[in-house]
Amino acid sequence: MEAAQFVLTLSCADRPGIVGAVSSHLAAQGSNILEAQQFGDAQTGQFFMRLVFHPCTADVAADDLRAGFKVVAQRFDMQWTLRLRDQRRRVLLMVSKFDHCLADLLYRWRIGELPMDIVGIIANHPRETYRHLDFDAIPFHYLPVDRADKATQEAQVWAVIEQSGAELVVLARYMQVLSDELAGKLAGRCINIHHSFLPGFKGARPYHQAHRRGVKLIGATAHFVTADLDEGPIIEQDIERVSHSNTPEDMIRIGRDIERRVLARTLRLVLDDRVLVDGHKTVVFAP
Ligand SMILES: Nc1nc2c(c(=O)[nH]1)N[C@@H](CN(C=O)c1ccc(C(=O)N[C@@H](CCC(=O)O)C(=O)O)cc1)CN2
């Protein structure tokens, strides 16, 4: 039986000796490093690392590994995570009227391409909106938004997030602006797929904005959600060509495929701890 793999991610102020200290610690505890990627940001002076390793002794608990690494982390004042690679994340999906990204994530999850536990779906449109989708095994929460009282609906959203134990929230074309408070509470663990190649065409109806501008490329961007609308650290992007003959409806159709693949790629990266936040940007350790 293959030995359990663990993923260690870390970031700290860059200085000599970090890689040596980490690798020496892992060797001293009898672990074998399988993957190691690193990046030193010369502009910010921040250092980032992702390692995959397996302890040579069986049945080592993540808590014990974390207790051991704490000494190294404190020495370099690191921000770090250490988890069992096979441990599935608890993920909450959120959607509004357009469900092509939701449908795609459900399919990829069902075939095992996205190793996660979907703990719920929150929608601000009723269940029949998605009648063509079968997700009855997943708790569905219809939480409509009253424009005059968005706070009440957000309190319901937060209650579902807490009660479900969601670790990651994915806005799969959820078209409501999260309050500063909720965006703050979800910092670093809420992903949005925006239907434009950011920083172009932030906000609502980006394909109509793009059509009016006469663009020759449209795109999609997955980013962490922050209080600043569509300004969060970008994780993944992609594009497709369009022309003068394409209507906004053409762009919406062409854009659906871009949005789906960008969000799926992003989720795979995040689920495998390959994305670290570097200020208002990200470091992505590609597979
Ligand atoms: N705090 C944040 N909330 C959200 C972000 C974000 O980056 N920070 N991303 C958006 C997604 N988004 C485009 O990708 C987006 C969603 C909604 C709107 C908008 O103007 N919504 C209107 C209501 C629209 C409707 O009811 O159909 C509104 O909220 O008043 C713009 C951009 C998700 N949330």
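If you're wondering where the values come from, they're calculated on a predicted model, not measured in any experiment. Below, each value reflects all heavy atoms present in this structure, side chains not excepted, and no hydrogens, waters or symmetry copies. Both ligands and their constituent atoms are indexed starting at 1 by order of listing.
Distances from ligand 1 to the non-hydrogen atoms of Lys202 include no value under 4.0 Å. The shell of residues lying under 4.0 angstrom from ligand 1, judged by heavy atoms, excludes Val145. For Gly232, the heavy-atom gap to ligand 1 stays at 4.0 angstrom or more.
Screening Ile121, Leu171, Asn192 for a side-chain contact (heavy atoms from CB on, under 4.5 Å) involving Met94 leaves a single residue, Leu171. Of the candidates Thr9, Leu276, Val19, Val19 is the only one forming a side-chain contact (heavy atoms from CB on, under 4.5 Å) with Met49.
Contact detail for Gly219 and Ile258: the closest heavy-atom pair is CA-CD1, 4.1 Å. The shortest non-hydrogen separation linking Ala204 to Gln209 is O-NE2, 2.8 Å. Across every non-hydrogen atom of Met116 and Trp109, the tightest pair is O-NE1, 2.9 Å.
The closest protein non-hydrogen atom to atom 26 (O) of ligand 1 is Gln176 NE2, 2.9 Å. The protein heavy-atom contact nearest to atom 12 (N) of ligand 1 is Asp230 OD1, 3.9 Å. Nearest protein neighbour of atom 5 (C) of ligand 1, counting heavy atoms only, is Leu229 CD1, 3.5 Å.
Salt-bridge annotation for Arg83 and Asp273: present, with a side-chain N of the basic residue lying under 4.0 Å from a carboxylate O of the acidic one. A salt bridge links Arg108 and Asp104; the closest N-O separation between the charged side-chain nitrogens and carboxylate oxygens is under 4.0 Å.
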Requested in this report: Begin from the C-alpha positions of Leu263 and Val170 and carry the test side-chain contact (heavy atoms from CB on, under 4.5 Å) through to its verdict.
Outcome: CA-CA 9 Å; Leu263 185 54; Val170 179; 3.9 Å; yes
Query - Pair Arg260-Arg256, side-chain contact (heavy atoms from CB on, under 4.5 Å): steps then yes or no - result: CA-CA 6 Å; Arg260 283 190 281 242; Arg256 275 197 287 267; 4.1 Å; yes
Query raised in the report: For Gln176 and Tyr174, what are the C-alpha separation, side-chain angles and deciding distance, and is it a side-chain contact (heavy atoms from CB on, under 4.5 Å)?
Result: CA-CA 6 Å; Gln176 295 298 316; Tyr174 181 72; 3.4 Å; yes
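Between Tyr174 and ligand 1, no N or O atom pair is found at a separation short of 3.5 Å. On a distance-only criterion, Ser179 and ligand 1 share no N/O pair closer than 3.5 Å. Annotation: Ala204 places no N or O atom under 3.5 Å from an N or O atom of ligand 1; distance criterion only. For a threshold of 3.5 Å applied to N or O pairs, the pair formed by Val177 and ligand 1 contains at least one separation below that value. In terms of polar-atom proximity, Arg147 is counted as a contact of ligand 1, with an N or O under 3.5 Å from an N or O of the ligand.
The residue Met94 has no part lying near ligand 1, judged by heavy-atom distances below 4.0 Å. Only the side chain of His223 comes within 4.0 Å of ligand 1, counting heavy atoms alone; its backbone N, CA, C and O stay farther away. With a 4.0 Å heavy-atom cut-off, ligand 1 is reached by the backbone of Thr226 but not by any atom from C-beta on. Residue Asn192 touches ligand 1 through its side chain alone, judged by heavy-atom distances below 4.0 Å.
For Phe135 and Phe140, the gap between ring centers is short of 6.0 Å.
Annotation: cation-pi geometry not satisfied between Arg66 and Phe6 (NZ/CZ under 6.0 angstrom from ring centroid, within 45° of ring axis).
The Ile193 neighbourhood of ligand 1 comprises atoms 14 (O), with distances under 4.0 Å to a heavy atom of that residue. Ligand 1 places these atoms under 4.0 Å from at least one heavy atom of Leu178: 1 (N), 2 (C), 3 (N), 4 (C), 34 (N). Each of the following atoms of ligand 1 lies closer than 4.0 Å to a heavy atom of Met175: 15 (C), 16 (C), 17 (C), 21 (N), 23 (C), 24 (C), 25 (C). Below 4.0 Å from some heavy atom of Gly203 lie the following atoms of ligand 1, by number and element: 31 (C), 32 (C). If you number the atoms of ligand 1 from 1 as listed, the ones under 4.0 Å from a heavy atom of Lys150 come out as 28 (C), 29 (O), 30 (O). Of all the atoms in ligand 1, the ones that sit under 4.0 Å from a non-hydrogen atom of His194 are 13 (C), 14 (O). Within the listing of ligand 1, atoms 2 (C), 6 (C), 8 (N) sit less than 4.0 angstrom from a heavy atom of Val225.
Residues Ile161 and Leu186 have side chains in contact (heavy-atom distance under 4.5 Å, counting atoms from C-beta outward).
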